[in-house]
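We count residues from 1, following the sequence as given. No experiment lies behind these values; they were computed from the predicted model shown.
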Amino acid sequence: MTKPIWIKHITQLATLASEEKGPRSKEAMSELGIIEDGSLWLENGVIQAVGTTKELEKQYEARAEEADIVDATGHLVTPGLVDPHTHVVYGGSREREFEMRLEGATYMDIMNAGGGIHATTRMTREASEEELIEQTTRRLDSFLQHGVTTVEGKSGYGMNLETELKQLRVMKKLQESHPIDLVPTFMGAHAVPPDFKGREDEFVDHLIEDMLPIVAEEKLAEFNDVFCEKGVFTPEQSERILEAGKQYGLIPKIHADEIEPYGGAELAAKVGAISAEHLLKASDEGIQAMAKSGTIACLLPATALYLREQAAAGRKMIDEGVAVAISTDANPGSSPTTSMPLVMNLACISMRLTPAESLTAATYNAACAINRQDLVGSFEVGKQADIVLWNVKSYQELQYLFGVNHVKSVWKKGVQVV
Ligand code: NIG
Ligand code: FE
(Lines give C-alpha, C1' and ligand atoms only; values in the text may rest on other atoms or scores of the structure.)
(Ligands and ions follow the chains in the order given, each with its own letter.)
Protein backbone atom coordinates (compact mmCIF):
# COMPACT_ATOMS: atom_id res chain seq x y z
CA MET A 1 0.00 0.00 0.00
CA THR A 2 1.39 3.38 -0.95
CA LYS A 3 0.88 6.31 1.39
CA PRO A 4 -1.91 8.75 0.58
CA ILE A 5 -0.84 12.18 -0.65
CA TRP A 6 -2.49 15.36 0.55
CA ILE A 7 -1.79 18.42 -1.61
CA LYS A 8 -3.02 21.30 0.52
CA HIS A 9 -3.20 25.08 0.66
CA ILE A 10 -3.29 25.25 -3.13
CA THR A 11 -3.54 28.97 -3.88
CA GLN A 12 -5.65 28.29 -6.97
CA LEU A 13 -7.06 24.83 -7.63
CA ALA A 14 -8.65 24.63 -11.10
CA THR A 15 -10.83 21.52 -10.82
CA LEU A 16 -12.56 21.80 -14.22
CA ALA A 17 -15.39 19.92 -12.51
CA SER A 18 -18.96 20.46 -13.67
CA GLU A 19 -22.38 18.88 -13.30
CA GLU A 20 -22.76 19.02 -17.07
CA LYS A 21 -21.21 16.05 -18.84
CA GLY A 22 -19.89 16.07 -22.38
CA PRO A 23 -17.76 18.52 -24.35
CA ARG A 24 -18.08 22.17 -23.30
CA SER A 25 -18.72 25.12 -25.52
CA LYS A 26 -19.71 28.79 -25.22
CA GLU A 27 -19.78 30.02 -21.57
CA ALA A 28 -19.22 26.53 -20.20
CA MET A 29 -15.65 26.67 -21.51
CA SER A 30 -14.92 29.46 -19.01
CA GLU A 31 -16.13 27.61 -15.92
CA LEU A 32 -13.02 26.20 -14.31
CA GLY A 33 -14.46 25.19 -10.94
CA ILE A 34 -11.85 27.28 -9.12
CA ILE A 35 -11.23 26.63 -5.41
CA GLU A 36 -9.05 29.01 -3.43
CA ASP A 37 -6.91 27.50 -0.67
CA GLY A 38 -7.81 24.13 -2.16
CA SER A 39 -6.87 20.58 -1.30
CA LEU A 40 -6.65 17.21 -3.06
CA TRP A 41 -6.40 13.84 -1.31
CA LEU A 42 -4.96 11.07 -3.53
CA GLU A 43 -4.95 7.41 -2.70
CA ASN A 44 -4.62 4.22 -4.78
CA GLY A 45 -3.99 6.28 -7.90
CA VAL A 46 -7.28 8.15 -7.78
CA ILE A 47 -8.70 11.38 -6.42
CA GLN A 48 -10.42 10.61 -3.12
CA ALA A 49 -11.44 14.14 -2.16
CA VAL A 50 -11.48 17.65 -3.67
CA GLY A 51 -12.36 20.76 -1.70
CA THR A 52 -11.07 23.62 0.35
CA THR A 53 -8.24 22.87 2.78
CA LYS A 54 -10.68 23.55 5.63
CA GLU A 55 -13.09 20.94 4.29
CA LEU A 56 -10.42 18.28 3.90
CA GLU A 57 -8.98 19.01 7.35
CA LYS A 58 -12.35 18.07 8.72
CA GLN A 59 -12.92 15.08 6.44
CA TYR A 60 -9.47 13.58 7.11
CA GLU A 61 -9.04 14.67 10.72
CA ALA A 62 -8.50 11.08 11.85
CA ARG A 63 -6.07 10.19 9.06
CA ALA A 64 -4.06 13.39 8.56
CA GLU A 65 -0.93 11.77 10.05
CA GLU A 66 -0.92 8.97 7.45
CA ALA A 67 -0.45 11.20 4.40
CA ASP A 68 2.57 12.66 2.68
CA ILE A 69 1.83 16.38 2.72
CA VAL A 70 2.60 18.76 -0.14
CA ASP A 71 2.22 22.43 0.71
CA ALA A 72 1.10 24.20 -2.48
CA THR A 73 0.95 27.72 -1.10
CA GLY A 74 1.61 30.15 -3.96
CA HIS A 75 0.88 27.60 -6.67
CA LEU A 76 -1.72 26.81 -9.32
CA VAL A 77 -2.77 23.13 -9.57
CA THR A 78 -4.60 21.76 -12.62
CA PRO A 79 -5.53 18.35 -13.98
CA GLY A 80 -2.77 16.73 -16.06
CA LEU A 81 -2.92 18.15 -19.57
CA VAL A 82 -4.34 15.94 -22.31
CA ASP A 83 -2.92 16.01 -25.84
CA PRO A 84 -5.64 14.63 -28.11
CA HIS A 85 -3.74 14.63 -31.45
CA THR A 86 -0.15 13.54 -32.05
CA HIS A 87 1.97 11.61 -34.51
CA VAL A 88 4.45 10.76 -31.77
CA VAL A 89 5.70 7.39 -33.09
CA TYR A 90 8.08 7.95 -36.00
CA GLY A 91 11.62 7.37 -37.18
CA GLY A 92 14.16 10.06 -38.04
CA SER A 93 13.68 13.82 -38.31
CA ARG A 94 13.19 16.47 -41.01
CA GLU A 95 15.12 19.60 -40.07
CA ARG A 96 16.18 20.19 -43.69
CA GLU A 97 12.50 20.73 -44.62
CA PHE A 98 12.27 23.50 -42.06
CA GLU A 99 15.02 25.33 -43.94
CA MET A 100 13.39 24.57 -47.29
CA ARG A 101 10.12 26.13 -46.15
CA LEU A 102 11.96 29.22 -44.96
CA GLU A 103 13.53 29.38 -48.42
CA GLY A 104 10.04 29.42 -49.96
CA ALA A 105 8.88 25.82 -50.50
CA THR A 106 5.39 24.97 -49.26
CA TYR A 107 4.40 21.99 -47.12
CA MET A 108 2.58 20.41 -50.07
CA ASP A 109 5.47 21.10 -52.54
CA ILE A 110 7.77 19.14 -50.29
CA MET A 111 5.32 16.28 -49.84
CA ASN A 112 4.57 16.05 -53.57
CA ALA A 113 8.30 15.83 -54.26
CA GLY A 114 8.55 12.72 -52.07
CA GLY A 115 9.49 14.48 -48.83
CA GLY A 116 7.23 15.34 -45.89
CA ILE A 117 5.08 12.46 -44.74
CA HIS A 118 6.75 10.22 -47.39
CA ALA A 119 10.22 10.93 -45.97
CA THR A 120 9.12 10.02 -42.46
CA THR A 121 7.40 6.93 -43.83
CA ARG A 122 10.68 5.71 -45.32
CA MET A 123 12.52 6.34 -42.04
CA THR A 124 9.76 4.68 -39.99
CA ARG A 125 9.71 1.63 -42.25
CA GLU A 126 13.47 1.29 -41.77
CA ALA A 127 13.41 1.69 -37.98
CA SER A 128 13.19 -1.39 -35.78
CA GLU A 129 10.52 -1.68 -33.14
CA GLU A 130 13.19 -1.16 -30.47
CA GLU A 131 14.44 2.02 -32.15
CA LEU A 132 10.90 3.40 -32.37
CA ILE A 133 10.29 2.58 -28.71
CA GLU A 134 13.50 4.31 -27.72
CA GLN A 135 12.78 7.48 -29.77
CA THR A 136 9.14 7.67 -28.72
CA THR A 137 10.02 7.19 -25.05
CA ARG A 138 12.17 10.32 -25.20
CA ARG A 139 9.28 12.29 -26.70
CA LEU A 140 6.84 10.99 -24.09
CA ASP A 141 9.30 11.95 -21.33
CA SER A 142 9.28 15.46 -22.76
CA PHE A 143 5.47 15.51 -22.76
CA LEU A 144 5.51 14.64 -19.05
CA GLN A 145 8.01 17.42 -18.37
CA HIS A 146 5.47 19.79 -19.96
CA GLY A 147 2.61 18.61 -17.75
CA VAL A 148 0.97 16.25 -20.27
CA THR A 149 -0.24 12.98 -18.76
CA THR A 150 -2.43 11.55 -21.56
CA VAL A 151 -1.47 11.51 -25.24
CA GLU A 152 -3.30 10.32 -28.33
CA GLY A 153 -0.97 8.83 -30.95
CA LYS A 154 -1.56 8.02 -34.61
CA SER A 155 -0.07 5.50 -36.98
CA GLY A 156 0.27 6.74 -40.55
CA TYR A 157 3.99 6.62 -41.25
CA GLY A 158 3.71 3.06 -42.55
CA MET A 159 1.09 3.18 -45.27
CA ASN A 160 1.63 -0.54 -45.60
CA LEU A 161 0.19 -3.12 -43.25
CA GLU A 162 3.53 -4.16 -41.77
CA THR A 163 4.65 -0.71 -40.67
CA GLU A 164 1.22 0.53 -39.61
CA LEU A 165 1.01 -2.49 -37.31
CA LYS A 166 4.56 -1.85 -36.10
CA GLN A 167 3.65 1.70 -35.06
CA LEU A 168 0.48 0.57 -33.29
CA ARG A 169 2.30 -2.28 -31.50
CA VAL A 170 4.95 0.18 -30.35
CA MET A 171 2.17 2.22 -28.76
CA LYS A 172 0.78 -0.87 -27.08
CA LYS A 173 4.20 -1.71 -25.62
CA LEU A 174 4.78 1.86 -24.47
CA GLN A 175 1.45 1.70 -22.71
CA GLU A 176 3.03 -0.89 -20.44
CA SER A 177 6.46 0.70 -20.02
CA HIS A 178 5.72 4.43 -19.83
CA PRO A 179 3.65 6.29 -17.22
CA ILE A 180 1.79 8.32 -19.88
CA ASP A 181 -1.55 6.95 -21.05
CA LEU A 182 -1.32 6.53 -24.83
CA VAL A 183 -4.55 6.39 -26.82
CA PRO A 184 -4.08 4.76 -30.25
CA THR A 185 -5.53 5.92 -33.58
CA PHE A 186 -5.17 4.13 -36.91
CA MET A 187 -4.27 6.59 -39.67
CA GLY A 188 -3.39 4.37 -42.62
CA ALA A 189 -4.89 7.12 -44.80
CA HIS A 190 -2.23 9.74 -44.00
CA ALA A 191 -1.00 9.97 -47.63
CA VAL A 192 -1.19 7.88 -50.79
CA PRO A 193 2.00 5.80 -50.92
CA PRO A 194 4.07 6.30 -54.11
CA ASP A 195 3.44 2.76 -55.40
CA PHE A 196 -0.31 3.59 -55.50
CA LYS A 197 0.10 6.95 -57.27
CA GLY A 198 -2.69 7.33 -59.84
CA ARG A 199 -4.49 4.35 -58.25
CA GLU A 200 -5.79 6.17 -55.16
CA ASP A 201 -9.08 4.28 -55.06
CA GLU A 202 -7.20 0.98 -55.10
CA PHE A 203 -5.25 2.12 -52.07
CA VAL A 204 -8.52 2.97 -50.33
CA ASP A 205 -9.84 -0.53 -51.16
CA HIS A 206 -6.61 -2.07 -49.86
CA LEU A 207 -6.84 -0.09 -46.64
CA ILE A 208 -10.48 -1.06 -46.10
CA GLU A 209 -10.14 -4.72 -47.06
CA ASP A 210 -6.66 -5.63 -45.83
CA MET A 211 -5.68 -3.22 -43.06
CA LEU A 212 -8.78 -2.22 -41.09
CA PRO A 213 -9.88 -5.79 -40.28
CA ILE A 214 -6.49 -6.71 -38.80
CA VAL A 215 -6.14 -3.48 -36.82
CA ALA A 216 -9.60 -4.11 -35.39
CA GLU A 217 -9.05 -7.81 -34.74
CA GLU A 218 -5.84 -7.14 -32.84
CA LYS A 219 -7.60 -4.29 -30.97
CA LEU A 220 -4.74 -1.95 -31.82
CA ALA A 221 -6.74 1.26 -32.23
CA GLU A 222 -9.82 3.07 -30.92
CA PHE A 223 -10.05 5.76 -33.59
CA ASN A 224 -9.72 5.95 -37.36
CA ASP A 225 -8.30 9.15 -38.89
CA VAL A 226 -7.96 10.36 -42.50
CA PHE A 227 -6.05 13.25 -44.10
CA CYS A 228 -8.94 14.71 -46.13
CA GLU A 229 -7.17 17.31 -48.26
CA LYS A 230 -6.90 18.31 -51.90
CA GLY A 231 -4.23 16.07 -53.44
CA VAL A 232 -4.43 13.54 -50.60
CA PHE A 233 -7.84 11.89 -49.93
CA THR A 234 -11.08 13.32 -51.33
CA PRO A 235 -14.14 13.75 -49.11
CA GLU A 236 -15.69 10.72 -50.88
CA GLN A 237 -12.66 8.51 -50.24
CA SER A 238 -12.43 9.79 -46.67
CA GLU A 239 -16.08 8.98 -46.06
CA ARG A 240 -15.64 5.41 -47.34
CA ILE A 241 -12.67 4.85 -45.04
CA LEU A 242 -14.38 6.32 -41.99
CA GLU A 243 -17.66 4.46 -42.58
CA ALA A 244 -15.73 1.21 -43.02
CA GLY A 245 -13.91 1.85 -39.75
CA LYS A 246 -17.21 2.35 -37.98
CA GLN A 247 -18.19 -1.20 -38.94
CA TYR A 248 -15.25 -2.33 -36.82
CA GLY A 249 -16.09 -0.03 -33.93
CA LEU A 250 -13.39 2.53 -34.79
CA ILE A 251 -14.53 6.08 -34.02
CA PRO A 252 -13.93 8.60 -36.85
CA LYS A 253 -11.58 11.58 -36.69
CA ILE A 254 -10.60 13.77 -39.66
CA HIS A 255 -7.66 16.00 -40.58
CA ALA A 256 -9.97 18.53 -42.22
CA ASP A 257 -9.62 21.78 -44.20
CA GLU A 258 -5.99 22.30 -43.19
CA ILE A 259 -4.51 23.68 -46.40
CA GLU A 260 -7.58 24.41 -48.54
CA PRO A 261 -11.31 24.53 -47.92
CA TYR A 262 -12.47 21.05 -48.92
CA GLY A 263 -15.70 20.22 -47.08
CA GLY A 264 -13.85 18.41 -44.30
CA ALA A 265 -15.76 20.02 -41.43
CA GLU A 266 -19.06 19.19 -43.15
CA LEU A 267 -17.92 15.60 -43.62
CA ALA A 268 -16.91 15.33 -39.96
CA ALA A 269 -20.44 16.31 -38.96
CA LYS A 270 -21.97 13.96 -41.52
CA VAL A 271 -20.09 10.83 -40.42
CA GLY A 272 -20.48 11.72 -36.72
CA ALA A 273 -16.74 12.15 -36.14
CA ILE A 274 -15.79 12.67 -32.49
CA SER A 275 -13.46 15.46 -33.62
CA ALA A 276 -12.22 17.30 -36.69
CA GLU A 277 -8.62 18.49 -36.66
CA HIS A 278 -6.82 21.61 -37.98
CA LEU A 279 -9.82 23.41 -39.63
CA LEU A 280 -7.75 26.45 -40.68
CA LYS A 281 -9.88 26.84 -43.80
CA ALA A 282 -13.20 25.45 -42.51
CA SER A 283 -16.27 27.07 -44.08
CA ASP A 284 -18.99 28.84 -42.11
CA GLU A 285 -21.42 26.06 -43.07
CA GLY A 286 -18.91 23.49 -41.84
CA ILE A 287 -18.57 25.25 -38.50
CA GLN A 288 -22.34 25.39 -38.09
CA ALA A 289 -22.67 21.72 -39.01
CA MET A 290 -20.09 20.81 -36.36
CA ALA A 291 -21.90 22.85 -33.71
CA LYS A 292 -25.08 20.95 -34.53
CA SER A 293 -23.53 17.48 -34.60
CA GLY A 294 -21.48 18.03 -31.43
CA THR A 295 -18.20 17.33 -33.25
CA ILE A 296 -15.26 18.72 -31.28
CA ALA A 297 -12.91 21.09 -33.11
CA CYS A 298 -9.39 19.96 -32.28
CA LEU A 299 -7.31 23.05 -33.08
CA LEU A 300 -3.55 23.05 -33.58
CA PRO A 301 -2.21 26.61 -33.34
CA ALA A 302 1.44 25.50 -33.13
CA THR A 303 1.09 23.85 -36.55
CA ALA A 304 -0.40 27.01 -38.04
CA LEU A 305 2.43 29.09 -36.59
CA TYR A 306 5.11 26.65 -37.74
CA LEU A 307 3.72 26.63 -41.29
CA ARG A 308 3.34 30.42 -41.06
CA GLU A 309 -0.40 30.21 -41.70
CA GLN A 310 -3.24 32.06 -40.03
CA ALA A 311 -4.60 29.98 -37.16
CA ALA A 312 -8.09 28.47 -37.15
CA ALA A 313 -11.05 30.64 -36.14
CA GLY A 314 -11.16 29.35 -32.58
CA ARG A 315 -12.95 32.39 -31.14
CA LYS A 316 -15.71 32.21 -33.74
CA MET A 317 -16.10 28.45 -33.31
CA ILE A 318 -16.66 28.76 -29.56
CA ASP A 319 -19.08 31.67 -30.03
CA GLU A 320 -21.03 29.58 -32.53
CA GLY A 321 -21.33 26.67 -30.13
CA VAL A 322 -18.52 24.33 -31.21
CA ALA A 323 -16.64 22.65 -28.36
CA VAL A 324 -12.93 23.38 -28.86
CA ALA A 325 -9.97 21.24 -27.82
CA ILE A 326 -6.31 22.06 -28.52
CA SER A 327 -3.30 19.90 -29.22
CA THR A 328 0.37 19.98 -30.19
CA ASP A 329 -0.07 17.83 -33.34
CA ALA A 330 3.45 16.67 -32.36
CA ASN A 331 5.03 15.37 -35.57
CA PRO A 332 8.37 15.66 -37.37
CA GLY A 333 7.13 18.01 -40.12
CA SER A 334 4.50 20.58 -39.37
CA SER A 335 4.77 20.76 -35.57
CA PRO A 336 7.83 19.26 -33.91
CA THR A 337 6.90 20.26 -30.37
CA THR A 338 5.75 18.51 -27.21
CA SER A 339 4.80 21.70 -25.39
CA MET A 340 1.11 21.87 -24.54
CA PRO A 341 1.78 24.97 -22.38
CA LEU A 342 3.03 26.75 -25.52
CA VAL A 343 -0.07 25.55 -27.40
CA MET A 344 -2.25 27.01 -24.62
CA ASN A 345 -0.44 30.35 -24.98
CA LEU A 346 -0.89 30.28 -28.75
CA ALA A 347 -4.58 29.43 -28.42
CA CYS A 348 -4.93 32.76 -26.62
CA ILE A 349 -2.58 34.79 -28.79
CA SER A 350 -3.44 33.54 -32.25
CA MET A 351 -7.02 32.29 -31.83
CA ARG A 352 -8.25 34.72 -29.14
CA LEU A 353 -9.35 32.07 -26.69
CA THR A 354 -9.49 33.45 -23.17
CA PRO A 355 -7.02 32.00 -20.63
CA ALA A 356 -9.89 30.02 -19.06
CA GLU A 357 -11.13 28.64 -22.39
CA SER A 358 -7.62 27.65 -23.32
CA LEU A 359 -7.23 25.61 -20.13
CA THR A 360 -10.57 23.84 -20.73
CA ALA A 361 -9.46 23.10 -24.30
CA ALA A 362 -6.25 21.46 -23.03
CA THR A 363 -7.85 19.40 -20.27
CA TYR A 364 -11.54 18.49 -20.14
CA ASN A 365 -12.43 19.08 -23.81
CA ALA A 366 -9.21 17.40 -24.90
CA ALA A 367 -10.20 14.36 -22.84
CA CYS A 368 -13.63 14.37 -24.54
CA ALA A 369 -11.94 14.38 -27.96
CA ILE A 370 -10.40 10.98 -27.14
CA ASN A 371 -13.26 9.59 -25.08
CA ARG A 372 -11.39 9.76 -21.77
CA GLN A 373 -13.60 12.30 -19.96
CA ASP A 374 -14.68 9.75 -17.35
CA LEU A 375 -11.06 9.12 -16.34
CA VAL A 376 -9.09 12.35 -16.82
CA GLY A 377 -9.41 16.04 -17.66
CA SER A 378 -10.96 17.24 -14.38
CA PHE A 379 -10.70 16.66 -10.64
CA GLU A 380 -13.65 14.64 -9.44
CA VAL A 381 -13.76 11.89 -6.85
CA GLY A 382 -12.88 8.57 -8.46
CA LYS A 383 -11.00 10.01 -11.42
CA GLN A 384 -7.32 9.30 -12.06
CA ALA A 385 -4.94 11.32 -9.90
CA ASP A 386 -3.19 13.00 -12.87
CA ILE A 387 -2.05 16.34 -11.50
CA VAL A 388 0.20 19.27 -12.40
CA LEU A 389 1.57 21.71 -9.85
CA TRP A 390 2.72 24.87 -11.61
CA ASN A 391 5.30 27.50 -10.73
CA VAL A 392 2.66 30.21 -11.10
CA LYS A 393 -0.16 31.26 -8.78
CA SER A 394 -3.08 31.35 -11.23
CA TYR A 395 -4.26 30.08 -14.62
CA GLN A 396 -4.23 33.69 -15.83
CA GLU A 397 -0.52 33.91 -15.04
CA LEU A 398 0.09 30.53 -16.69
CA GLN A 399 -1.32 31.79 -20.00
CA TYR A 400 0.24 35.25 -19.72
CA LEU A 401 3.89 34.31 -19.05
CA PHE A 402 4.27 32.66 -22.44
CA GLY A 403 6.82 30.36 -24.00
CA VAL A 404 8.13 29.16 -20.64
CA ASN A 405 7.65 25.75 -19.06
CA HIS A 406 6.13 26.49 -15.64
CA VAL A 407 5.75 22.85 -14.57
CA LYS A 408 7.04 22.18 -11.06
CA SER A 409 5.69 18.69 -10.28
CA VAL A 410 3.55 16.08 -12.01
CA TRP A 411 1.70 13.09 -10.54
CA LYS A 412 0.47 10.30 -12.81
CA LYS A 413 -2.09 7.96 -11.26
CA GLY A 414 -1.04 9.30 -7.88
CA VAL A 415 2.70 8.70 -8.39
CA GLN A 416 5.06 11.65 -8.66
CA VAL A 417 6.84 11.44 -12.05
CA VAL A 418 8.29 14.96 -12.35
O1 NIG B 1 -1.39 16.90 -38.79
N2 NIG B 1 -1.52 17.11 -42.08
C3 NIG B 1 -1.15 15.97 -42.02
N4 NIG B 1 -0.46 15.35 -41.07
C5 NIG B 1 0.32 15.93 -40.05
C6 NIG B 1 1.71 16.25 -40.48
C7 NIG B 1 2.52 15.05 -40.66
C8 NIG B 1 3.93 15.32 -41.15
O9 NIG B 1 4.22 16.35 -41.75
O10 NIG B 1 4.72 14.41 -40.92
C11 NIG B 1 -0.39 17.13 -39.44
O12 NIG B 1 0.04 18.28 -39.57
FE1 FE C 1 -1.95 15.71 -37.40
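Residues satisfying the side-chain hydrogen bond (donor to acceptor under 3.5 Å, both in side chains) criterion with Ser30, sequence neighbours excluded, are absent altogether. With sequence neighbours excluded, the residues satisfying side-chain hydrogen bond (donor to acceptor under 3.5 Å, both in side chains) with Lys154 are Glu152, Asp225.
When all heavy atoms are compared, the tightest approach of Ile254 to Cys228 is CG2-CB, 3.8 Å. Nearest heavy-atom pair, Lys393 versus Thr11, reported as atom, atom and distance to 0.1 Å: O-CG2, 4.1 Å. For Tyr262 against Phe233, the heavy-atom pair with the smallest separation is CE2-O, 3.6 Å. When all heavy atoms of Glu380 and Ile47 are compared, the closest pair comes out as O-CB, 3.7 Å. Between Thr363 and Pro79 the shortest heavy-atom distance is CG2-O, 4.1 Å. Between Gly147 and Val410, the closest heavy-atom pair is CA-CG2, 4.1 Å.
In this structure, Trp41 and Trp6 have tilted ring planes: the angle between them lies in the 30° to 60° band.
For Glu164 and Ser155, the side-chain atoms include at least one donor-acceptor pair closer than 3.5 Å. Side chain to side chain, Ser18 and Glu20 fail the donor-acceptor criterion of an N or O pair below 3.5 Å. Judged by distance alone, the side chains of His255 and His85 do bring a donor and an acceptor atom under 3.5 Å apart.
Looking only at distances, a side-chain donor or acceptor of His178 sits under 3.5 Å from a matching main-chain atom of Ile180. Distance alone, capped at 3.5 Å, places no donor-acceptor pair between the Lys172 side chain and the Leu220 backbone. For the pair Asp257 (side chain) and Gly263 (backbone), a donor-acceptor distance under 3.5 Å is present.
A cation-pi arrangement is present between Arg139 and Tyr90 under the rule of less than 6.0 angstrom and at most 45 degrees off the ring axis.
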